*Asks:* 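Next up is a structure, given as structure tokens.
Order of the sequence lines sets the chain letters (A, B, ...), proteins ahead of strands, with each chain counted from 1. Note that the structure is a prediction, hence the values are computed from the model and not measured. No hydrogens, no waters, no symmetry mates; every other heavy atom, side chains included, goes into these values.
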Protein chains: 2
Amino acid sequence: MRDECERVDSKQLGNLLQNIPDSESITRMAAVFQALQSETRLKMLFLLRQKEMCVCEFEQVLSVTQSAISHGLRILRQLDLVRVRREGKFTIYYIADEHVRTLIEMCLEHVEEKHEL
Amino acid sequence: MRDECERVDSKQLGNLLQNIPDSESITRMAAVFQALQSETRLKMLFLLRQKEMCVCEFEQVLSVTQSAISHGLRILRQLDLVRVRREGKFTIYYIADEHVRTLIEMCLEHVEEKHEL
DNA sequence: TTAATATATGAACATCTGTTCATATATTCA
DNA sequence: TGAATATATGAACAGATGTTCATATATTAA
């Protein structure tokens, strides 16, 4: 922290600060984005966007170990980005809700919009 | 990789794989989400959502050094999540486009939807 | 010019992440 | 039962990240 510069209006800044999400929401959002920051987990979600899948299907498609897949799915599950259902000896994963689809599609549009490097 | 389980249909999986974004897009998306995964940078964006700001305004509001703010803004800028404009000795930052707003709002809705811990 | 203000950058370091390996648990089928 | 299949978990380690400190650059005002 430093002395205020001439642009600073402390009162206004106080208001702005009050209008951001509370600290718990920020923490959770950070966790969600952090889950989405892994290429492996992103691929999982783009696969799940097309069809629900079991762990061994992921295994055939992604070039990481079954352990890595399970760990990744757990993180997505904990944040309610994907959900699970048992079917006999299989564990079927699927996208939790439309927010998740919108989230990844919004981001895809954003990065595809600029082809320039 | 392991032997196919009975649920696996290699042909179908091949198609699913072809329908996920190309590797460059995935990499960029990962970078975008990774930028959004920091609480400090999230707060910056929620502040910018209300009003464009210069670095010293952030300094009054966030409890990190000016250096940390600059580093954080650079990351957001590099991914075109925020943009910059010079105004005399001030550097004014603002949200790049609607994608970014939607992205953070979608995530906020997602985490607020579940109040249960 | 010089001093003051505003912002950016590089190095360094502690912390966090993603993966693998090894192993545990759960379900089905023989 | 026991063997095979499907999934989960813990430890460990290499690599990445966010912050601070120190310093550099840019702009304005004197």
*Asks:* For A/Met53 and D/dT7, what is the distance between atoms CE and P respectively, to the nearest whole Å?
*Replies:*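 One finds 11 Å between P of D/dT7 and CE of A/Met53, rounded.
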
*Asks:* Between B/His71 (NE2) and D/dA22 (C1'), how many Å, whole number?
*Replies:*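 Distance, rounded to whole Å: 11 Å.
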
*Asks:* Looking only at atom types and distance, does a side-chain atom of A/Gln50 sit under 3.5 Å from a main-chain N or O of B/Leu16, one as donor and one as acceptor?
*Replies:*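 Confirmed, A/Gln50 side chain pairs with B/Leu16 backbone.
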
*Asks:* Would you say the side-chain atoms of B/Thr102 pair up with the backbone N or O of B/Glu98, donor to acceptor, closer than 3.5 Å?
*Replies:*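 Yes, the answer is positive, given that a donor and an acceptor are paired below the 3.5 Å cut-off.
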
*Asks:* Any chance you could list the contact pattern along nucleotides 23-30 of chain C? Use B for base contacts, S for sugar-phosphate-only contacts and - for none, protein heavy atoms under 4.0 Å, 5' to 3'.
*Replies:* ----SS--

*Asks:* Quick one: label B/Ser70 by what it contacts on the DNA or RNA (base, sugar-phosphate, nothing), any heavy atom closer than 4.0 Å.
*Replies:*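 It contacts base atoms.
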
*Asks:* So, the side chain of B/Arg101 versus the backbone of B/Arg49: is there a donor-acceptor pair under 3.5 Å, distance only?
*Replies:*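 Judged by distance alone, yes, a pair lies under 3.5 Å.
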
*Asks:* Taking five pairs at each end of the helix from C/dT1-D/dA30 to C/dA30-D/dT1, what angle separates the two helix axes (nearest 10°)?
*Replies:*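 Comparing the first five pairs with the last five, the axes sit 20° apart.
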
*Asks:* A/Ile69 CD1 to D/dA8 C1': how many Å, rounded?
*Replies:*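 Rounding to the nearest Å, CD1 of A/Ile69 and C1' of D/dA8 are 13 Å apart.
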
*Asks:* Taking the minimum atom-to-atom distance to the side chain of A/Arg77, which one of C/dT7, D/dT9, D/dA6 wins?
*Replies:*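 For A/Arg77, the side-chain atoms sit closest to D/dT9.
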
*Asks:* In the structure I gave you, are the side-chain heavy atoms of A/Leu48 and A/Phe58 within less than 4.5 Å of one another anywhere?
*Replies:*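 They are in contact (side-chain heavy atoms under 4.5 Å apart), so the answer is yes.
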
*Asks:* Just to confirm, is there a sub-4.0 Å distance from OP1 or OP2 of D/dT9 to any side-chain nitrogen or oxygen of A/Arg74?
*Replies:*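 The answer is yes; a side-chain N or O of A/Arg74 sits under 4.0 Å from OP1 or OP2.
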
*Asks:* Does a side-chain N-to-carboxylate-O contact under 4.0 Å join B/Arg28 and A/Glu112?
*Replies:*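 A salt bridge is absent here (no side-chain N lies under 4.0 Å from a carboxylate O).
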
*Asks:* Looking at A/Thr65, I'd like to know whether one of its side-chain N or O atoms comes within less than 4.0 Å of OP1 or OP2 on C/dT20.
*Replies:*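 A/Thr65 to C/dT20 OP1/OP2: side-chain N or O found under 4.0 Å.
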
*Asks:* Should the side chain of B/Ser67 and the base of D/dG18 be counted as holding a donor-acceptor pair, with the cut-off at 3.5 Å?
*Replies:*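 Such a pair does not exist between side chain and base.
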
*Asks:* Measure from CZ on B/Phe90 to P on C/dA8 and round the result to the nearest Å.
*Replies:*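 Those two atoms, CZ and P, are 13 Å apart.
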
*Asks:* Please give, in whole Å, the distance from D/dT19 P to B/Leu73 CG?
*Replies:*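 It is 11 Å, rounded to the nearest whole Å.
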
*Asks:* To the nearest Å, how far apart are B/Glu57 CD and C/dT7 C1'?
*Replies:*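 These atoms are roughly 14 Å apart.
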
*Asks:* A/Glu39 and B/Thr27: side-chain donor and acceptor closer than 3.5 Å?
*Replies:*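 Short answer, yes.
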
*Asks:* In the structure I gave you, are the side-chain heavy atoms of B/Phe33 and A/Leu42 within less than 4.5 Å of one another anywhere?
*Replies:*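 Yes, side chains in contact.
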
*Asks:* Can you check whether B/Met29's main-chain N or O pairs, donor with acceptor, with A/His110's side chain at less than 3.5 Å?
*Replies:*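 No; zero donor-acceptor contacts below 3.5 Å.
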
*Asks:* Does OP1 or OP2 of D/dA6 have a side-chain N or O of A/Tyr93 closer than 4.0 Å?
*Replies:*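 Checking D/dA6 against A/Tyr93, no side-chain N or O comes under 4.0 Å of OP1 or OP2.
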
*Asks:* Using atom CZ of A/Phe58 as one end and atom C1' of D/dA6 as the other, report the distance to the nearest whole Å.
*Replies:*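 The answer, rounded to whole Å, is 14 Å.
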
*Asks:* Which nucleotide sits closest to the side chain of B/Ala68: D/dT20, C/dA22, D/dT7?
*Replies:*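 Nearest to the side chain of B/Ala68 among the choices is D/dT20.
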
*Asks:* Calculate the interatomic distance between A/Arg85 atom CZ and D/dT7 atom P; express it in whole Å.
*Replies:*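 Rounded to whole Å, this separation is 13 Å.
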
*Asks:* Treating B/Arg41 as the side-chain partner and B/Ile69 as the backbone partner, does any N or O pair qualify as donor plus acceptor under 3.5 Å?
*Replies:*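 No: the side chain of B/Arg41 does not pair with the backbone of B/Ile69.
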
*Asks:* Using only atom types and a distance under 3.5 Å, with no angle test, would you say the side chain of A/Glu109 pairs donor to acceptor with the backbone of A/Met106?
*Replies:*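 No, the answer is negative, given that no donor and acceptor are paired below the 3.5 Å cut-off.
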
*Asks:* Does B/Arg86 use its side chain to pair, donor to acceptor, with the backbone of B/Gly88 at less than 3.5 Å?
*Replies:*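 A pair under 3.5 Å: yes.
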
*Asks:* Short of 4.0 Å, heavy atom to strand atom, which residues of residues 31-44 of chain B count as contacting DNA chain D?
*Replies:*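 Contacts with DNA chain D under 4.0 Å: B/Gln34, B/Gln37, B/Ser38, B/Thr40, B/Arg41.
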
*Asks:* Could you tell me whether A/Asp80 and A/Arg77 make a salt bridge, using a distance below 4.0 angstrom between a side-chain N and a carboxylate O?
*Replies:*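 Judged by the 4.0 Å cut-off on N to carboxylate O distance, A/Asp80 and A/Arg77 do not form a salt bridge.
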
